[in-house]
Amino acid sequence: MARSTFEATIAPIVFMCMGVSLIPLALPPDSASHSSIAPGIVWIMVLLASLMSLERIFTFDYEDGSLEQLLISPQLLTQPIFGKLVAHWVMTGVPMALASPIMAFVLSLPADGYIPMILSIVIGSAYLSLAGSVCASLTVSLGRGGFLLPITVIPLYMPIIIFGTATIDFAISGMDWLFPLAVMGTFLCLATAICPIVVAAIFRSTPLF
Amino acid sequence: MSILSLTKFNDKVLRVENLAFERNERTIFSGVNFFVSEGELLLLQGRNGCGKSTLLRILTSLIKPQQGLVSTYGENIYADRHKYLSNIIFIGHQLALKLALSPLDNLYWTASSTRERQHIFEAMDEMGLSSVSGLPCYRLSAGQLKRVALTRLILSDAKLWLLDEPFSSLDLSGVSIIEKLIERHLKQNGSVLMTGHQDLRLSNIRKIDMTIWCH
């Protein structure tokens, strides 16, 4: 059991690194063409890896009855939900940000792009956990492996892939990369304020059992 | 007449009136009427699939019934849901235990926050779990896990216990421990509503057969 928890935590990062290491094999062997598409590739992999782990936020709690107990405990629902989302980000987003220099190295990203990339993944992945939790809470009773979750969550992910890629692109081409990063921060602030409340409302109002 | 009968009507911990529930356009049960008084155990019996667990979930306010009223001391449970929820404890088939954590840690986060760790140790000792309190839950047997979940009854202040087949997968000594707990709770004027198929060695039991409401 402890092993399966560990595997489930490490799986998105392994998936991300493996996916990225395949990209150079499929492209012409000059590092210039790699570095121009590197920001996009990095962010697509972060997005897919985040999507992989999204189901786990509430499904285990739904299956083992913890969610049921949470819903009938006489306390505010938003606090434990926010706690779960922070935990999810610490277990998926932060390791992804820490592992991202490996991907950047494989894709021969210019050195200027490293710091903006790490910062954009730290901020962006927190938004992905928060926005994704809304869709995860809507689809929790449908069981695992459904396709409804990816379909509903991708539109919410779109702004982050645009500004995340822009942050790294701006940094490589010598422009002020703090601007797109600030836009991502705005999205994160909005999501932090709204998403836990929305998730709590969804759990309160949908017939889960 | 009115005041006397009103107080008599309002002194029930739980009163269910004309409850009906349907799922996927199939009526599971209808016309359900019963009450639970203070210091009383109500045993719900009935064949498998007749909606006992669903009924218990309705009483926890997890499911909203299509028709009927559930009230506590004469007040709809949805009127002050927070107050009602702080007065009940529900233990169902899903035990809400995290298998990677130890029984102690599991009880620590589900028990109310005011509890001391020492108190949890004492409760686990009473349930015969002191030897496994530090082991991860995936090492425990089904019966031991059930005991861990039922330890919450000792740690809770709730007046109304809603138990869905509390004796499933328990051994004989486990059953007698739970019977003792229930007896003590009833003596303290608490109430228990449980489903089950076994006969209990307790006084002050009322039995209801759910089959009369089933479809």
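The sequence lines fix the lettering, A, B, ..., with proteins before strands; numbering per chain opens at 1.
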Can you tell me if [atom1] on [X] sees more than 12 non-hydrogen neighbours from other groups inside 6.0 Å?
{"X": "A:M91", "atom1": "CE", "result": "no"}
{"X": "A:I162", "atom1": "CD1", "result": "yes"}
{"X": "B:R206", "atom1": "CZ", "result": "yes"}
{"X": "A:Y114", "atom1": "OH", "result": "yes"}
{"X": "A:F179", "atom1": "CZ", "result": "no"}

Holding to ring pair (Phe, Tyr, Trp, His ring centres under 6.0 Å), I want the full list of residues that pass it with B:W161, two or more places apart in sequence or in another chain.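 Applying ring pair (Phe, Tyr, Trp, His ring centres under 6.0 Å) to B:W161 gives B:H185.
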Give, as side chain, backbone, both or neither, the part of B:R139 having an atom under 4.5 angstrom from any heavy atom of chain A.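 For B:R139, no heavy atom lies under 4.5 Å from chain A.
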What part of B:I89 is in contact with chain A, defined as an atom under 4.5 angstrom from a non-hydrogen atom: side chain, backbone, both or neither? neither
Can you run down the ring pair (Phe, Tyr, Trp, His ring centres under 6.0 Å) pairs that involve residues 140-160 of chain B, sequence neighbours left out, and say none if there aren't any?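 The answer is none; no pair qualifies.
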Could you pull out the closest heavy-atom pair between [X] and [Y], with the gap in Å?
{"X": "A:D64", "Y": "B:Q94", "value": "O-CB, 3.7 Å"}
{"X": "A:I72", "Y": "B:L62", "value": "CG2-CG, 3.5 Å"}
{"X": "B:L85", "Y": "A:S73", "value": "CD1-O, 4.3 Å"}

Would you please go through residues 25-58 of chain B and name the residues with a non-hydrogen atom below 4.5 Å from one of chain A, in numerical order? B:R57
Donor-acceptor pairs under 3.5 angstrom involving side-chain atoms of residues 123-132 of chain A: please list them, not counting sequence neighbours.
from   : atom 1 : to     : atom 2 : distance (Å)
A:S125 : OG     : A:W89  : NE1    : 3.1
A:S125 : OG     : A:I121 : O      : 2.7
A:S125 : OG     : A:V122 : O      : 3.3
A:Y127 : OH     : A:L156 : O      : 2.9
A:S129 : OG     : A:H88  : ND1    : 3.0
A:S129 : OG     : A:S125 : O      : 3.3

Within-4.5 Å side-chain heavy-atom neighbours: B:L95 and A:Q69: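 A side-chain contact under 4.5 Å is absent here.
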What part of A:E68 gets within 4.5 angstrom of chain B, counting heavy atoms only: side chain, backbone, both, or neither?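 Looking at A:E68, backbone and side chain both touch chain B.
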Does any heavy atom of chain B fall under 4.5 Å from the side chain of A:Y62, the backbone, both, or neither of them?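 Just its backbone gets close to chain B.
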